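In what follows, chains carry the letters A, B, and so on, assigned in the order in which the sequence lines appear, proteins first and then strands, with residues in each chain numbered from 1. Because the structure is a prediction, the values reported are computed rather than measured.
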Protein chains: 2
Amino acid sequence: MTGDFLAIGELGRRTDTKVETIRYYERIGLLAAPRRTAGNYRAYGAEHLIRLSFIRRSRDLGFSLDQVRALLDLADQRDRSCDAVDAIAKEHRAEVDRKIADLRALRRELDSMIDQCRCGTVADCRIIEALSPQAQLRPR
Amino acid sequence: MTGDFLAIGELGRRTDTKVETIRYYERIGLLAAPRRTAGNYRAYGAEHLIRLSFIRRSRDLGFSLDQVRALLDLADQRDRSCDAVDAIAKEHRAEVDRKIADLRALRRELDSMIDQCRCGTVADCRIIEALSPQAQLRPR
DNA sequence: TATGGACCCTGTAGCAACTATAGGGTCAAG
DNA sequence: CTTGACCCTATAGTTGCTACAGGGTCCATA
């Protein structure tokens with residue numbers, strides 16, 4: 001009785017998504033609940049496959065679930081201007097830029113910390129030292 | 001009765017740490033439980049300030065709590081070789097490098113996606129299109 | 001027809017690393 | 001003696017899943 005639908009495992013294989021994750025997306029209302037078979041199995045159609053693929057691709061590009069939700073909503077309003085889509089993507093790009101900048105600053109700090117290590121004993125380890133800000137008990 | 005100790009709020013102010021976070025660090029065994037005042041307030045000493053400063057600085061540099069725990073343990077064994085410290089720092093740096101590379105790849109993808117947007121209607125939005133992988137119902 | 005194994009179901013708890021809330025107690029100043 | 005800032009515990013929420021436990025379903029093979 002292999003009908004014209006996908007079982008959850010097959011949908012997962014096609015979209016590279018764990019079964020639990022698909023159920024999770026349903027639970028939080030990101031992926032519509034599909035109809036069920038007589039045995040209470042979820043029976044997915046092409047529309048679910050398309051939808052989940054969209055979700056996965058968006059997640060791969062680092063969009064948050066809230067952003068994905070917004071993108072899905074927008075994608076459905078076919079005659080609207082796509083300015084809002086553009087805005088979400090640009091905001092996300094800005095966020096990625098911030099993260100890259102932060103990580104590069106971090107990387108520089110780690111680098112100079114590691115460079116100074118003469119690999120003696122912990123007592124005069126420059127790394128430990130760099131991690132120990134001069135704390136003082138009396139107020140600043 | 002402002003004695004020779006810090007209340008949790010003051011410790012938080014000095015280390016830029018939320019009060020809840022300090023209690024959380026205590027609960028997970030990262031920061032030693034301090035003695036208590038008669039009124040059951042936590043009474044922190046200089047050693048706690050130093051310890052928490054170390055933790056915060058490490059966290060700022062992106063070390064995980066597990067890594068911080070390891071670094072703290074090592075920092076206490078003053079006569080050991082600091083190779084292990086070096087190893088943790090280098091492993092972390094490698095991790096940061098991986099993240100930067102991932103984000104840069106991501107940024108490139110987002111860029112080309114956004115570049116293609118002509119800002120018409122959603123129906124022919126290149127961003128939505130780029131997010132919609134050609135899914136097919138029949139197996140690959 | 002029985003049975004084994006792969007699949008599916010629900011519900012709940014766990015992960016990192018906090019953050020927030022409820023519902024109270026303590027303390028010092030005015 | 002009251003007000004308000006601070007502190008206490010305990011518990012639940014956050015994000016985005018992941019991992020059970022304890023069952024039910026389906027289908028092929030012996």
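Annotation: the terminal axes of the helix from C/dT1-D/dA30 to C/dG30-D/dC1 meet at 30°, where each axis is the rotation carrying the C1' atoms of four end pairs onto the next four (5 pairs per end, rounded to 10°).
Between the side chain of A/Arg59 and the main chain of A/Phe63, a donor-acceptor pair closer than 3.5 Å is present. Judged by distance alone, with hydrogens and angles left aside, the side-chain atoms of A/Thr17 form a donor-acceptor pair with the main-chain N or O of A/Thr15 at under 3.5 Å. No side-chain donor-acceptor contact under 3.5 Å links A/Glu95 to the backbone of A/His92. In this structure, the side chain of B/Arg57 engages the main chain of A/Ala130 through a donor-acceptor pair within 3.5 Å.
Nearest nucleotide to the B/Ile8 side chain, out of C/dC18, D/dT18, D/dC8: D/dC8. In this structure, the nucleotide among C/dC9, C/dA17, C/dT19 sitting nearest to the side chain of B/Leu65 is C/dA17. In this structure, of D/dC17, C/dC9, D/dC7, it is D/dC7 that holds the atom nearest to the side chain of B/Val19.
Contact check, A/Tyr25 against D/dG16: no side-chain N or O comes under 4.0 Å of OP1 or OP2. Neither OP1 nor OP2 of D/dT15 sits under 4.0 Å from any side-chain N or O of A/Arg59. Taking side-chain N and O atoms only, A/Thr21 has a distance below 4.0 Å to OP1 or OP2 of D/dT18. For D/dC8, the OP1/OP2 oxygens have a side-chain nitrogen or oxygen of B/Arg42 closer than 4.0 Å. Put simply, A/Arg23 has no side-chain N or O that comes within less than 4.0 Å of OP1 or OP2 on D/dC17.
Nucleotide D/dG24 holds its C1' atom 7 Å from the OH atom of A/Tyr41, rounded to whole Å. The separation between A/Ile28 atom CD1 and D/dT18 atom P is 13 Å, rounded to whole Å. The separation between A/Tyr24 atom OH and D/dA19 atom C1' is 15 Å, rounded to whole Å. For A/Arg13 and C/dA6, the CZ to P distance is 12 Å, given to the nearest whole Å. The distance between atom CD of A/Gln67 and atom C1' of D/dT15, rounded to the nearest whole Å, is 13 Å. In this structure, B/Arg36 places its CZ atom 19 Å from P of D/dC6, rounding to the nearest Å. Whole-Å rounding puts the B/Asp60 CG to C/dC18 P distance at 10 Å. If you take CD of B/Glu10 and P of C/dA28, they are 15 Å apart, rounded to a whole angstrom.
Side chains of B/Phe54 and B/Leu49 form no contact here, defined as non-hydrogen atoms less than 4.5 Å apart.
Along DNA chain D, the nucleotide nearest A/Asp66 and the nucleotide nearest B/Ala43 are compared for position; the residue whose nucleotide lies closer to the 5' end is B/Ala43. DNA chain C is contacted by both A/Arg27 and A/Gly39; A/Gly39 maps to the nucleotide lying nearer its 5′ end (nearest heavy atom per residue).
Around CZ of A/Arg126, the count of heavy atoms belonging to other residues, nucleotides or ligands within 6.0 Å does not exceed 12.
Among all heavy-atom pairs drawn from A/Asp16 and A/Arg56, the shortest one is O-NH2, 3.3 Å.
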Decide side-chain hydrogen bond (donor to acceptor under 3.5 Å, both in side chains) for A/Arg14 and A/Tyr44; before the verdict, give the C-alpha distance in whole Å, the side-chain angles of both, and the deciding distance to 0.1 Å. CA-CA 12 Å; A/Arg14 304 260 188 114; A/Tyr44 293 100; over 6 Å; no

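Nucleic acid contact for B/Thr37: none, since no nucleic acid atom lies under 4.0 Å from a heavy atom of the residue.
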